Novice: 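Structure below; questions to follow.
Start at 1 with the first residue, then count along the sequence. Below, each value reflects all heavy atoms present in this structure, side chains not excepted, and no hydrogens, waters or symmetry copies. Just so it is clear, the structure is predicted and the values come from calculations on it, not from any experiment.
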Amino acid sequence: MADGTIKKLSEDVVIFIFFRLPVKSLMRFKFVSKSFFTLIESSTFINIHLYNTTSRDEYILLKRCFIQENNQYKTILSFLDGDDDDYVNPIFQDLDVTHLTSTRNCDHDQLIGPCNGLMALMDTQTTILFNPSTRNYRPLRPSPFGCPQGFHRCIQAVGFGFDTVSNDYKVVRISIIYKVDYDDEYPEERDRKFEVYDLGIDYWRELDNLSRELTPFCVTHCSQMFYKGACHWIASVDIDAYIILCFDMSSETFRSLKIPESCHIINGPTCRLALVHDTLTLIYYPYPETEIPVEKDLINIWFMKEYNVYESWIRKYTIRGLLIDSPLTVWKGYLLLYQSRSGCLMSYNLNSNDIREFKFHGYPKSLRAIVYKDSLTSIPRESEHTKQVHKF
């Protein structure tokens with residue numbers, strides 16, 4: 001056999017092995033040789049490695065808060081893996097990110113993603129883009145847009161995703177401008193603002209005329225998901241009229257999807273978006289009252305089998321009598337992760353109906369969880385004025 005053929009075969013074997021290695025191992029191989037470094041850093045390898053992973057390679061990123069003195073909150077990220085018995089175990093040491101988020105509240109910061117392996121941790125002022133596998137992060141430039149004196153800007157919804165047309169990542173924020181009136185319990189809404197941040201050029205801009213095109217809506221807290229090139233939120237257009245509001249990252253236009261069951265802003269049920277086997281999923285759950293009537297004490301999980309086709313909604317699971325504060329995500333396609341009313345991380349097995357409590361807890365209602373896969377995706381940094389990429 002010719003030397004060239006042997007060399008080509010050995011390269012193919014290396015690539016085959018590398019595709020199946022976790023990012024933690026690949027990061028070590030980068031410094032073994034120049035050829036390994038070039039291969040692992042190439043965009044072709046990064047993309048194939050990302051889409052070569054399976055549901056067995058799924059990890060969990062858990063965000064939780066703890067109350068401290070003076071009603072300040074400490075924010076912790078936990079990076080978790082699962083074993084064959086569906087227990088979760090840490091793969092890294094817990095990470096204190098209190099300095100990157102607000103310390104004044106525990107439930108208004110959002111953990112968003114993943115998008116090509118990247119995630120965003122956002123509150124009303126700060127946006128941190130990071131890769132949980134490589135542990136690289138970059139603080140984004142704050143939005144320069146405020147509001148006139150006598151008015152208050154309230155961030156209603158945030159989103160993060162990828163624009164395939166411009167080949168760039170974007171952050172979107174939807175804000176409501178209120179007239180300040182300390183004597184009025186319900187201040188008057190004066191305007192809505194829509195902001196987009198382009199990561200590649202490190203620039204914030206406002207989108208004009210969108211308020212006139214949209215029916216007034218209210219976005220449900222912590223309901224964001226990026227899917228099929230668009231940010232999706234659960235939004236209400238009336239007290240009992242809910243939709244899935246979508247913002248296309250390329251065209252920068254809004255549209256909506258109808259949901260299969262009604263929700264109610266006060267009495268419930270309420271719902272949460274999820275992805276299960278790459279299928280748009282809605283989880284309906286009861287409003288967490290002290291006592292829940294029997295007829296309301298159920299969780300319905302719906303799948304949209306064909307995206308953007310209302311008739312394709314099917315109710316896949318119904319769960320009764322599960323004491324839950326709110327669902328977090330679905331892991332491995334069959335484990336519903338949720339937070340209990342006391343702030344514990346719990347799981348419900350959709351196949352066996354088994355309930356499990358994990359050793360991870362936080363301040364009630366502060367838990368957020370995202371399922372992600374190993375990724376080598378780098379965080380773009382396009383100019384000398386862009387903030388540096390750091391290491392957790």
Novice: The criterion is salt bridge (charged side-chain N to carboxylate O under 4.0 Å, His left out); which residues satisfy it with Asp86, sequence neighbours excluded?
Specialist: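 For Asp86 the salt bridge (charged side-chain N to carboxylate O under 4.0 Å, His left out) partners, ignoring immediate neighbours, are Lys332.
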Novice: Between Asn116 and Thr377, do the side chains contain an N or O donor and an N or O acceptor separated by less than 3.5 Å?
Specialist: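 Not at all, the side chains of Asn116 and Thr377 share no donor-acceptor pair under 3.5 Å.
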Novice: Taking the six-membered ring for Trp, is the centroid-to-centroid distance between Tyr363 and Tyr73 below 6.0 Å?
Specialist: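 Yes, close enough.
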Novice: Salt bridge (charged side-chain N to carboxylate O under 4.0 Å, His left out) with Asp198: which residues, sequence neighbours excluded?
Specialist: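 Result, salt bridge (charged side-chain N to carboxylate O under 4.0 Å, His left out) vs Asp198: Arg205.
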Novice: Evaluate the ring planes of Tyr87 and Phe358, with Trp represented by its six-membered ring, and classify them as parallel (under 30°), tilted (30 to 60°) or perpendicular (over 60°).
Specialist: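 Rings of Tyr87 and Phe358: perpendicular, over 60°.
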Novice: Under a 3.5 Å threshold, yes or no: a donor from one side chain and an acceptor from the other, between Thr253 and Ser251?
Specialist: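 Checked: Thr253/Ser251 side chains pair up, N/O donor to acceptor below 3.5 Å.
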Novice: Could you tell me whether the side chain of Arg272 and the main chain of Pro327 form a donor-acceptor pair under 3.5 Å?
Specialist: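 Checking the backbone N and O of Pro327 against the side chain of Arg272, a donor-acceptor pair under 3.5 Å is found.
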Novice: Would Asn300 and Tyr285 count as a side-chain hydrogen bond (donor to acceptor under 3.5 Å, both in side chains) here? Give the steps.
Specialist: CA-CA 7 Å; Asn300 286 327; Tyr285 61 101; over 6 Å; no
Novice: Please name all residues satisfying ring-ring contact (aromatic ring centres under 6.0 Å, His included) with Tyr203, sequence neighbours left out, ordered by chain then number.
Specialist: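 In terms of ring-ring contact (aromatic ring centres under 6.0 Å, His included), with neighbours along the sequence ignored, Tyr203 is linked to no residue.
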Novice: Tell me which pairs pass salt bridge (charged side-chain N to carboxylate O under 4.0 Å, His left out) where either residue lies in residues 162-176, with sequence neighbours left out.
Specialist: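 As it turns out, the salt bridge (charged side-chain N to carboxylate O under 4.0 Å, His left out) pairs with a partner in residues 162-176, which skip direct neighbours, are Asp163-Lys170, Lys170-Glu252, Arg173-Glu195.
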Novice: Which heavy atom in Phe79 sits nearest to a heavy atom in Gln93, and how many Å separate them?
Specialist: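 Nearest heavy atoms, Phe79 then Gln93: CD1-O, 4.4 Å.
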Novice: Just to verify, what does Phe360 make a ring-ring contact (aromatic ring centres under 6.0 Å, His included) with, not counting sequence neighbours?
Specialist: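 Not a single residue meets the ring-ring contact (aromatic ring centres under 6.0 Å, His included) criterion with Phe360.
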Novice: At their closest point, which heavy atom of Cys231 faces which heavy atom of Gly159, and how far apart are they?
Specialist: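 Taking Cys231 first and Gly159 second, the nearest heavy atoms are SG-CA, 3.8 Å.
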Novice: Does any donor atom in the side chain of Arg192 or Gln156 lie under 3.5 Å from an acceptor atom in the other side chain?
Specialist: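 Distance-only check passes for Arg192 and Gln156.
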Novice: Determine whether the aromatic ring centres of Phe254 and Phe194 lie less than 6.0 Å apart.
Specialist: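 Yes, the ring of Phe254 comes within the 6.0 Å limit of the ring of Phe194, centre to centre.
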Novice: Kindly say whether the aromatic ring centers of Phe92 and Phe392 come within a distance under 6.0 Å.
Specialist: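 When the ring centroids of Phe92 and Phe392 are compared, they turn out to be at least 6.0 Å apart.
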Novice: With under 30° as parallel and over 60° as perpendicular, where do the rings of Phe303 and Tyr317 fit, or are they tilted in between?
Specialist: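 Geometry flag for Tyr317 against Phe303: perpendicular rings.
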Novice: When clusters are formed from ILVMFWY side-chain contacts under 4.5 Å, directly or step by step, what else is grouped with Ile76?
Specialist: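 For the cluster that includes Ile76, the remaining residues are Phe66.
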Novice: What do the steps show when you test Asp208 against Lys193 for salt bridge (charged side-chain N to carboxylate O under 4.0 Å, His left out), and what is the final call?
Specialist: CA-CA 8 Å; Asp208 298 325; Lys193 297 293 184 180; over 6 Å; no
